[in-house]
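Naming: A, B, ... by sequence-line order, numbering from 1 per chain. Note: hydrogens, waters and symmetry copies are ignored here, and every other heavy atom, side chains too, is used.
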Amino acid sequence: MTAATASAFLDRLREIVGEDGLLYDPAELLVYECDGYVVEKKTPDVVVFPTTTEQVVKIVQTCNEHDVPFVPRGAGTSLAGGCLPIGGGVMIALTRMNKILEVNLRDRYAVVEPGVVNVHLTRHLAGTGFHYAPDPSSQGACTIGGNVATNSGGPHTLKYGVTVNHVLGIEFVQPDGTLTEIGGIVDEPGAYDLTGLFVGSEGTFGVCTKVIVRLTRDPVAYRTMLGVFETVADATHAISDIIGAGIIPAALEMMDQGIITALEDAFHFGFPLDAGAVLLIEVDGLEVSVDREAREIIELCNGRNAREVRTADTPEKRQLLWKCRKQAFGAIGRLSPSYCTQDGVVPRTKLPEILAAITESGNRHGIRVVNVFHAGDGNIHPILLFDERDQDQIRRVMLASDEILSKCIELGGSVTGEHGIGVEKINFMSQLFTEDDLAVMDDVRKAFNPDGRCSPQKMLPTAGACGMEHHAPIEKSHPTRRAAM
Amino acid sequence: MPEFTPSTTQELSEFLQANAAGERQAFQIVGGGTALEYGCPLSKPVTNIFLKKLNRVIDYPTRDMTITVEAGMTIAELTKTLRAEIQELPIDVPDPKSATVGGILACDVSGPRRFGHGTLRDFLIGVTAVDGLGRTFHAGGRVVKNVAGYDLCKLLIGSFGTLAVITEATFKVQSMPVPMADAWELIGFDDLSQCDAAIANLSSSACRPVAVEVVNQKAARMMAEANEEPFHSTPWGMAVMIEGSEADVHWQCRQLQSEWENLDGRVLHPLRDYRRKTWPPVKPQSTVRVTLPPSKCLNFLEVADAMDVALSAHAGDGVVIGVLPNDSAPSLVQQLREKAHELGGRLTVELCPSEWKKELSVFDQSESTLRLMREIKSKLDPYDVLNPGRLFS
C-alpha cells in the first residue's frame with residue numbers, strides 16, 4: 001500500500017470531496033492512465049474531482065501532509081503526456097470546476113474556472129461581438145485550464161497569438177497549499193509577469209483554479225478559401241509567398257493527401273482525392289480590405305500552380321471548411337489503430353525542407369505519416385500511424401519522431417509549438433537548451449514548487465532529483481525519460 | 001570597481017561570474033540611460049554596466065518576419081533596419097534615438113498603439129540574458145510559435161534588470177501595408193460622459209482603431225505649446241488613431257465620422273497630429289502612471305483633472321499618465337493612489353523628486369506577487385547585485 005492508498009489518506013480526501021468526487025478502483029483508474037499521448041501509461045493511485053477552489057486547497061494540503069505527489073489534469077487532450085501521473089499519487093481532475101464566473105464586455109475579459117471547455121466559452125459569447133481567440137483543434141473537449149498549462153495554440157493563433165497572449169490573470173494553489181492570485185485585469189507595473197510565466201508551465205507551478213481571459217472583438221468580415229494543389233511543395237511555397245507578401249491571414253492550415261483521403265472517407269466533404277495538398281486560408285478584418293487580400297492570395301496560389309481556389313461564399317460553407325479541419329484528427333482513426341501526433345516548429349521558410357525530411361523519415365522507418373498543420377506559423381503536425389500492440393512499430397515511431405524533431409532543431413526551430421514538453425519530449429530539452437538554461441529554469445520552478453511534489457518529472461530533465469529522493473522511487477519507465485534523467 | 005562595457009554576452013557572463021565568486025559588487029544596468037530615474041532608489045552603491053557596444057543585428061530572416069538583435073541597439077536603429085524591409089515592431093517608444101531594445105524590455109515600455117497591437121509581451125519570442133551568477137541563459141527561440149520550456153521572455157519583460165541583463169532579443173515583427181497610411185481623428189467634448197459614450201461606441205464600431213487617447217485641457221495645451229501649434233481645446237479631447245493601407249484608413253476615417261455624427265462632440269483638429277511620442281512633451285518634475293479597468297478610466301480622469309493634473313490616457317487600455325503640478329506634494333500622489341485603488345486600479349510613480357521616494361511607494365505591487373518575485377530574485381540573483389532595490393527591498 002502506498003501513502004496515496006492508505007485508508008486514512010483516502011478518508012481525508014473523501015471528507016473534502018465526498019465519495020462521489022473520488023476514484024480509486026483500479027478498473028476505473030484505467031481511464032486516467034494516459035492522455036492523448038498513448039505511448040506511455042501510468043495510472044494514478046487516486047483521482048479526485050474538486051468542485052471549488054477551497055477543495056483544491058485542502059486536497060493539496062492533504063497531499064503535503066501525507067507526502068504524496070499530485071498532478072493537475074483537465075480533459076486529458078494533451079498530446080505530450082503533460083498530465084501523466086509519474087510516480088502515481090493523486091490526480092486532481094478539474095473538469096467539474098467548469099463555471100463561467102463573469103463576462104465583462106466593456107473591459108473585454110471573462111473569468112472562468114479551469115474546467116470550462118474551450119468551445120463552451122466561445123458559445124457563451126456568441127452574438128456579443130466578442131470571442132476568446134485561442135482555438136485548439138481539440139477545443140470541443142479541451143479545457144481552458146489545460147490550455148493555460150500547455151500554452152496551446154490553434155489555427156487562429158497565426159494572427160491572434162497563443163494562449164499566453166489572451167490570459168490576464170490566474171488564481172492558483174501553490175504546491176504548498178497557498179492560494180495565490182497573479183496578474184489581473186489591470187497592468188501591474190513593477191511586477192514580474194508571473195501570469196506570462198505560469199502559462200505554459202505544464203502544471204509544474206501549482207493547480208490553476210481560476211483564469212481571467214482577454215476577449216477579442218469579432219472580425220467584421222471573413223473570406224475563407226480552400227486552395228487545391230498538385231503537390232505539397234507547391235502548397236508550402238504558396239504559404240511562404242502569402243506571408244512574404246505581407247499578408248497575415250487569420251489562419252493558414254495545410255492538409256496533405258493522406259488527411260484529405262481520411263477526411264473524405266469519414267465525412268464526404270467533396271475534397272479532390274487526387275490532390276497533393278490543400279490549404280485552408282482565412283483572412284479577416286474590415287470589409288474593405290478582405291476582398292483585396294483574398295484576391296491577392298488567389299493570385300499567389302495560382303502562381304504556385306494551384307489547381308483551383310474555392311471561396312466559401314456563405315457562412316455555412318465557411319463552417320463546413322472549418323469543420324473538416326477540426327475533425328481531421330478524428331478521421332485518422334480510420335487509418336490506423338493508434339497514431340502519434342508530433343508538434344514541431346520551424347521558421348516558415350523552412351517548411352519545404354522539413355516536409356521532405358518527414359517523408360524521408362517515415363519511409364526510412366516504414367511508418368506511414370500524414371500531415372495536417374498550422375502552416376502559417378511553421379507549426380508542423382506530422383501524424384505517425386501505427387498499431388500500439390506491436391512493440392516494434394512503437395520503436396520505429398519513436399525513432400522517426402526523434403529524427404523529425406531533431407531536424408526541426410537543426411532548421412532553427414523547436415520541438416513543440418503548442419503541445420508542450422510533457423513527458424514525451426523531455427529528452428529533447430538538453431538538445432534545445434544549455435545546462436545553464438535548464439539550471440535557470442529549474443531555479444524558477446523551485447521558486448514555485450520547491451519540493452517537486454507537484455507534477456514531478458515533467459518538462460525539465462533536471463527536475464527528477466529535487467526533493468523527491470526520499471519518496472518511493474519514481475519510476476522511469478520510459479526509455480526517453482530514463483535517458484533524460 | 002571600474003565601469004564595465006562588454007562587447008559580447010560571453011564577456012559579460014565571465015565578468016558577472018567572477019563578481020559572484022569574488023567581491024560581489026552591485027551594478028546598475030544602463031542601456032540608453034533614458035529610464036534611470038524610474039523605480040525605487042538603488043539600495044546599494046553600484047557601478048554601471050553599459051550595454052552600448054552590444055548593438056548588432058544578429059539575424060534578420062525577413063521572410064520569416066523575425067529579427068534577433070543585441071540589447072544595446074537603439075530603437076531608432078531597429079526601426080530603420082525594419083523599415084528597410086517594410087516591417088515594424090509596433091511599440092511606441094519615447095526618445096527612440098536613445099532608448100535601447102534591452103531598456104524598453106526591462107521597463108516594459110508601451111504607448112498609444114498598445115490598444116491595437118498589444119505590448120512587448122506579444123512580440124518578444126526569444127531572449128538571451130545573463131543572471132546575477134553570471135549564467136548565460138536563453139528562452140524561446142526564433143520561431144513565432146514555441147512552447148518549449150518556461151517562458152522566461154515574459155519573466156524578464158518589466159523586470160527592470162533585477163533578474164538578469166538582457167543581451168539579445170528576438171521579436172516577431174509585422175509587415176507594413178504599402179503604401180502605409182495613418183491618421184488621427186480628433187473629437188472634442190465638454191464633459192466626460194460624452195467622451196464615455198464615444199468610447200463605448202467604439203466597442204460596436206465597424207472600425208478597428210489602434211489607439212484611443214483621451215486628454216484633458218491642461219495636457220492639450222502643453223502639447224500644443226511644445227509642438228508650436230494653435231490650441232483650440234475643449235475641456236476634453238479624444239484622439240483615435242487609424243492605420244493601415246490608404247484604402248483602409250480612408251474608409252475608416254469616413255466611417256468613424258459618420259458613427260460620431262450623433263455624438264455631442266465636435267470634430268476638431270487642434271493639433272496637426274496627436275504626437276504619440278511626445279507625451280509628456282517637456283520633462284516634468286513628477287509623473288504617475290495609473291492602470292485601471294478601462295471602464296473606470298474616465299472616473300479617474302475626472303477626479304485627477306479637478307486636482308490640476310495634466311492627463312493623457314490610453315483610454316481603451318485603462319492606462320493614464322498624469323503630470324503633476326510643479327508645486328504638488330506627495331500627499332497628492334496618495335490621494336490619487338487611493339482613488340485608483342477604489343476603482344480597482346494601481347498607481348506607479350514614474351518620476352518624482354528623490355525625497356518623495358522616502359515616504360512613497362514607487363510601485364504598487366500586490367503582496368502575493370511580491371512574495372513570488374522575492375523567491376525568483378533569490379534564485380537568479382541571490383547576492384542582489386543587479387539593480388538592487390529597484391523594484392523592491
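- Looking only at side-chain heavy atoms (C-beta outward), Arg292(A) and Ser245(B) come within less than 4.5 Å of each other.
- Contacts with chain A were tallied for Leu370(B), Leu292(B), Ile157(B); Leu292(B) has the most, counting heavy-atom pairs under 4.5 Å.
- Heavy-atom distances place no part of Asp108(B) under 4.5 Å from chain A, backbone and side chain included.
- Proximity of a side-chain donor or acceptor of Arg217(A) to a complementary backbone N or O of Ser205(B) within less than 3.5 Å is detected.
- Listed here is the closest heavy atom pair of Phe363(B) and Pro189(A): CD2-O, 3.6 Å.
- Heavy-atom contacts from other residues, nucleotides or ligands closer than 6.0 Å to CD of Glu102(A) number more than 12.
- Contacts between Asn379(A) and chain B at a heavy-atom distance below 4.5 Å involve the side chain alone, from C-beta outward.
- For residues 291-300 of chain B, the set of pairs meeting the side-chain hydrogen bond (donor to acceptor under 3.5 Å, both in side chains) definition, not counting sequence neighbours, comprises Asp107(A)-Ser295(B).
- Annotation: maximal heavy-atom pairing with chain B below 4.5 Å, among Glu188(A), Met459(A), Arg106(A), occurs at Glu188(A).
- Under the ring pair (Phe, Tyr, Trp, His ring centres under 6.0 Å) criterion, His374(A) pairs with His381(A), sequence neighbours left out.
- Neither the backbone nor the side chain of Gln87(B) comes within less than 4.5 Å of any heavy atom of chain A.
- Contacts between Met429(A) and chain B at a heavy-atom distance below 4.5 Å involve the side chain alone, from C-beta outward.
- The parts of Ile243(A) that come within reach of chain B are both its backbone and its side chain, each placing non-hydrogen atoms under 4.5 angstrom from that chain.
- Looking at Glu435(A), neither its backbone nor its side chain comes within 4.5 Å of chain B, counting heavy atoms on both sides.
- Using a 4.5 Å cut-off between heavy atoms, Phe392(B) contacts chain A through its side chain alone, with no backbone atom that close.
- Residue contact with chain B, scored on non-hydrogen atoms closer than 4.5 Å, involves the side chain of Leu286(A) exclusively.
- Heavy atoms of Leu380(B) lying under 4.5 Å from chain A belong exclusively to its side chain.
- Highest contact tally toward chain B, considering only Ser240(A), Gly153(A), Gly161(A), Ala245(A), is held by Ser240(A) [criterion: heavy-atom pairs under 4.5 Å].
- Taking a 6.0 Å sphere around CZ of Arg135(B), one finds it holds more than 12 heavy atoms contributed by other residues, nucleotides or ligands.
- Summarising the local packing, NZ of Lys350(A) is surrounded by 12 or fewer heavy atoms from other residues, nucleotides or ligands at distances under 6.0 Å.
- At a cut-off of 3.5 Å, with distance as the only test, no side-chain donor of Thr178(A) or Arg371(B) sits close to an acceptor on the other residue.
- Here the side chains of Arg348(A) and Arg63(B) are not in contact, with every heavy-atom distance at 4.5 Å or above.
- With a 4.5 angstrom heavy-atom cutoff, Asp218(A) touches chain B only via backbone atoms.
- Contact check for Val440(A) versus Tyr150(B): no side-chain heavy atoms found under the 4.5 Å cut-off.
- For a residue to count as touching a neighbouring chain, one of its non-hydrogen atoms must lie under 4.5 Å from one of that chain's; by this rule Leu343(B) does not touch chain A.
- For Asp59(B), the salt bridge (Lys or Arg N to Asp or Glu O under 4.0 Å) partners at least two apart in sequence or on another chain are Arg142(B).
- The contact list for residues 118-128 of chain B toward chain A, using heavy atoms and a distance under 4.5 Å, reads Arg121(B), Asp122(B) by residue number.
- A salt bridge links Lys145(B) to Asp377(A): at least one charged side-chain nitrogen sits closer than 4.0 Å to a carboxylate oxygen.
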